[in-house]
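Have a look at the structure below, then the notes.
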Amino acid sequence: MFSVALALLCLASVSCSAPLPCEELLRPLDRVDLHGLVGRWALVAGSLSNLTYLDRFKQRDSATINFSSNTSDANISYTSSIRLHERCLYKSYNISLQGGSFTFDGTDRSNLSASYVHTSCPDCLLMRMIAESGRRQHLYLFSRRREVEQKEMEEYKAQVACLNMPPPAVMDPAKELCPEETAEEQKDRATL
Ligand SMILES: *[C@@H]1O[C@H](CO)[C@@H](O)[C@H](O)[C@H]1NC(C)=O
Ligand SMILES: *[C@@H]1O[C@H](CO)[C@@H](O)[C@H](O)[C@H]1NC(C)=O
Ligand SMILES: *[C@@H]1O[C@H](CO)[C@@H](O)[C@H](O)[C@H]1NC(C)=O
Ligand SMILES: *[C@@H]1O[C@H](CO)[C@@H](O)[C@H](O)[C@H]1NC(C)=O
Ligand SMILES: *[C@@H]1O[C@H](CO)[C@@H](O)[C@H](O)[C@H]1NC(C)=O
Ligand SMILES: *[C@@H]1O[C@H](CO)[C@@H](O)[C@H](O)[C@H]1NC(C)=O
C-alpha cells in the first residue's frame with residue numbers, strides 16, 4: 001500500500017525522475033513499421049560487448065544503413081556504408097522481419113539475431129544484435145539526425161549499462177557520411 005502511495009506521489013510530482021528499471025529500458029518492440037524503416041539512417045553511437053570489436057568500431061569515421069523494400073511483405077534488404085580511413089565500404093543484406101526482430105537470409109550471418117528495442121527518441125532506431133549464443137552483443141543507435149539530444153543520449157547510455165556493456169562510442173557528427181551508391185554501383189558490387 002505504501003509503495004502504491006509513493007508511486008502515485010511520484011506520478012503527480014514533476015520533479016520525480018527515478019531511473020527506469022532495466023526491464024522497461026530494454027523493452028523490445030512488438031513490431032516495426034516497414035514504412036517507417038525504409039530510407040537512410042546515420043549511426044549515432046554504438047556499444048559492443050567484445051572490446052576487440054569495440055576498438056575496431058571506434059576507428060570508423062561514420063556509418064549509415066539504408067533499408068529498402070520492394071514488396072509489402074517482410075522480406076527487405078539493407079545496405080550499410082562505413083567510412084573508414086578515407087574509404088567507403090558498402091555491404092548489402094537480405095533480412096526477414098518478424099514483428100520487432102529480424103534474421104539474416106543467407107549463411108554468413110545466420111548465427112546473428114537482431115531485434116529493435118524501444119527508445120523514446122522519436123526519429124531513432126535502436127538495434128540490438130546478439131551473436132555467439134549471447135556471448136557477444138552489440139547495441140546500435142541510429143537516427144535520421146546525425147546527433148541526438150543529451151536526454152536521448154543519456155537514455156541510450158542507460159540502456160547500454162543495463163546490458164553490462166562498455167560505454168558506447170559516440171560518432172563525430174562533423175565527419176562526412178559516405179555518398180549514396182548509385183543503382184549501377186550497387187549492381188557492380190553485387191556481381192564482383
Ligand atoms: C536507399 O536505397 C534505395 C534502394 O537501393 C535507393 O533507391 C535510395 O536512393 C537509397 N536512399 C538513400 C537515402 O540512400
Ligand atoms: C573478442 O573477439 C576476439 C576476436 O574475435 C576474440 O579473440 C576474443 O576472445 C573475444 N573476447 C571475448 C571476451 O570474447
Ligand atoms: C525491386 O524489384 C525489382 C523488380 O522485381 C528488382 O529489379 C529490384 O532489384 C528490386 N529492388 C530491391 C531493392 O529489392
Ligand atoms: C537478396 O535477394 C535478392 C533476391 O532474392 C538476390 O538477388 C540478392 O542477391 C540477395 N542479396 C544478398 C546480399 O544476399
Ligand atoms: C523471403 O525470404 C525467405 C527466406 O530467405 C524466402 O524463403 C522467401 O521466399 C522470401 N519471400 C519472398 C516473397 O521473397
Ligand atoms: C553458428 O554457430 C554454430 C554453433 O555455435 C557453429 O558451429 C557454426 O559454425 C556457426 N556458423 C557461422 C556461420 O558462424
Side-chain angles (χ1 to χ4, degrees), residues 7 10-11 13-50 53-54 57-69 74 76-83 91 93 95 97-104 112-131 136-178 180:
C10 212
L11 280 174
S13 158
V14 199
S15 62
C16 180
S17 59
L20 290 167
C22 285
E23 196 184 329
E24 176 58 22
L25 277 169
L26 296 174
R27 184 158 53 87
L29 294 187
D30 299 330
R31 59 179 292 277
V32 176
D33 170 38
L34 208 55
H35 292 289
L37 194 61
V38 297
R40 200 183 211 205
W41 302 81
L43 179 69
V44 172
S47 178
L48 293 79
S49 61
N50 181 309
Y53 286 92
L54 182 61
F57 177 82
K58 284 178 177 167
Q59 293 174 14
R60 299 175 174 192
D61 288 325
S62 68
T64 66
I65 45 171
N66 177 9
F67 288 91
S68 54
S69 169
I76 57 182
S77 60
Y78 76 81
T79 298
S80 67
S81 75
I82 294 172
R83 186 182 280 280
K91 221 165 173 184
Y93 303 96
I95 62 174
L97 198 60
Q98 295 121 355
S101 58
F102 65 83
T103 51
F104 289 87
L112 209 58
S113 75
S115 58
Y116 295 104
V117 177
H118 173 80
T119 169
S120 65
C121 168
D123 66 352
C124 291
L125 194 63
L126 190 56
M127 243 163 71
R128 180 179 180 184
M129 291 197 175
I130 299 178
R136 176 160 66 85
Q137 57 177 318
H138 303 174
L139 190 70
Y140 298 117
L141 179 66
F142 291 94
S143 174
R144 299 293 189 188
R145 288 169 287 163
R146 289 301 306 278
E147 61 186 322
V148 297
E149 302 289 330
Q150 194 187 332
K151 192 169 66 87
E152 293 161 341
M153 183 54 70
E154 273 163 19
E155 179 188 29
Y156 170 66
K157 285 180 174 169
Q159 289 165 317
V160 166
C162 278
L163 291 170
N164 290 315
M165 284 170 46
V170 179
M171 308 306 289
D172 178 353
K175 297 257 173 82
E176 219 183 316
L177 298 179
C178 288
E180 280 174 41

Could you check whether any side-chain heavy atom of Leu97 comes within less than 4.5 Å of a side-chain heavy atom of Tyr116, counting everything from C-beta outward? yes
Keeping the roles fixed (side chain from Glu176, backbone from Ser62), state whether a donor-acceptor pair exists under 3.5 Å. no
Is any side-chain heavy atom of Asn66 closer than 4.5 Å to a side-chain heavy atom of Glu180? no
To the nearest 0.5 Å, what is the distance between OG1 on Thr79 and CZ on Arg40? 10.0 Å
Can you give me the closest heavy-atom contact between Ser120 and Glu155, atom names plus distance? OG-OE1, 2.8 Å
Output for pair (Leu139 CG, Ile130 CD1), nearest 0.5 Å, gives 10.0 Å
Taken in chain and number order and not counting sequence neighbours, the residues that satisfy salt bridge (Lys or Arg N to Asp or Glu O under 4.0 Å) with Arg27 are Glu24
Leu48 vs Tyr140 side-chain heavy atoms within contact, under 4.5 Å: yes
Do you know which two heavy atoms are closest between Gly36 and Trp41, and how far apart they sit? O-CZ2, 3.3 Å
Determine whether a donor-acceptor pair (N or O, by modelled atom type, separation under 3.5 Å) exists between the side chain of Tyr78 and the backbone of Ile95. no
Mind listing the closest non-hydrogen atom pair of Arg144 and Gly39 along with its distance? NH1-C, 3.5 Å
Just do the side-chain contact (heavy atoms from CB on, under 4.5 Å) check on Leu43 and Phe57 with the steps written out, would you? CA-CA 11 Å; Leu43 179 69; Phe57 177 82; 3.5 Å; yes
SG of Cys121 to CD of Glu149: how many Å apart, nearest 0.5 Å? 8.5 Å
If you round to the nearest 0.5 Å, how far is CE of Met153 from CD of Glu147? 8.5 Å
What's the shortest heavy-atom distance between Gln159 and Leu25, and which atoms? NE2-O, 2.9 Å
Using a strict threshold of under 4.0 Å (side-chain N to carboxylate O), is an ion pair present between Asp61 and Arg83? no
Close side-chain approach of Phe67 to Leu125, heavy-atom, < 4.5 Å: yes
NZ/Lys91 to OG/Ser81 distance, rounded to the nearest 0.5 angstrom? 13.5 Å
Apply side-chain contact (heavy atoms from CB on, under 4.5 Å) to Ser143 and list each qualifying residue two or more places apart in sequence or on a separate chain. Val44, Asp123, Cys124, Arg145, Val148
Side-chain heavy atoms of Glu152 within contact of Leu141, under 4.5 Å: no
For Pro173 and Arg146, the nearest pair of non-hydrogen atoms, with its separation, is O-NH1, 3.3 Å
Once the angle between the rings of Phe104 and Phe102 is folded into 0 to 90°, is it parallel (under 30°), tilted (30 to 60°) or perpendicular (over 60°)? perpendicular
Got a donor-acceptor contact below 3.5 angstrom from the Ser49 side chain to the Gln137 backbone? yes
From Arg31 atom CZ to Ser101 atom OG, the distance as rounded to the nearest 0.5 Å: 13.0 Å
List the residues meeting side-chain contact (heavy atoms from CB on, under 4.5 Å) with Pro166, not counting sequence neighbours, and say none if there are none. Ser47, Leu51, Leu54
Locate the shortest heavy-atom distance separating Ala63 from Leu177; write the atom from each residue and the value. O-CD2, 4.2 Å
